[in-house]
Amino acid sequence: MNDSSHTRVSSSERDRALDELAQHFALGRLSVEELEERSSRVWRAITVRQLAETFADLPAAPASAEGSYLTDGALPRTVVRVGAIVVSAVVCQFVFGNAWWLLLLLAVPAVMTLGLRSR
């Protein structure tokens, strides 16, 4: 009865999935439309199975030593985080039909500043 595919997805798992989608996008595996559609699926996912289905046709992204899904320093973490914020804001605006989600874009300067200070 304890089937892990029916386990509910946590917020941190969704965040990691969005980071991984951003990496696949940066590597050219996804178009903008595919990234938006898959990001929307990640936000709507309730179970691990639903989240896994989003990545069914993509290769696994090995985790780096820092625990992120970036490989070989392909992109700085700050760039991936900013990309995830932008994509999330746009997707939420379309999914929920409310332009207030675009206020997430105000987080971009904060993420950039914190990302540059951590170096």
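Side-chain atoms are counted along with the backbone in the values below, which use heavy atoms only and exclude waters and symmetry mates. The first residue of the sequence shown is numbered 1, and numbering continues consecutively from there.
- Not counting sequence neighbours, the partners of S40 by the side chain to side chain donor-acceptor pair (under 3.5 Å) test are R44.
- Between the OG1 atom of T54 and the CD atom of E34 there is a distance of 12.5 Å, given to the nearest 0.5 Å.
- For R41, the side chain to side chain donor-acceptor pair (under 3.5 Å) partners two or more places apart in sequence, or in a different chain, are E37.
- You'll find the side chain of V87 reaches within 4.5 Å of the side chain of L35, heavy atoms only.
- Residues L58 and L30 are in side-chain contact: their nearest non-hydrogen atoms beyond the backbone lie under 4.5 Å apart.
- Here CH2 of W43 is found 6.0 Å from CG of L18. Values are rounded to the nearest 0.5 Å.
- Using modelled atom types, no side-chain atom of R8 and backbone atom of T47 make a donor-acceptor pair closer than 3.5 Å.
- Residues S39 and L21 share a closest heavy-atom pair of N-CD1, 3.7 Å.
- The pair R29-D57 fails the salt-bridge criterion, with no side-chain N (NZ, NE, NH1 or NH2) lying under 4.0 Å from an Asp/Glu carboxylate O.
- A chain of hydrophobic side-chain contacts below 4.5 Å, direct or via other Ile, Leu, Val, Met, Phe, Trp or Tyr residues, connects V95 to V9.
- In this model, a donor atom of one side chain and an acceptor atom of the other lie less than 3.5 Å apart for S10 and E13.
- The structure places CZ of R38 at 8.0 Å from CZ of F55, a figure rounded to the nearest 0.5 Å.
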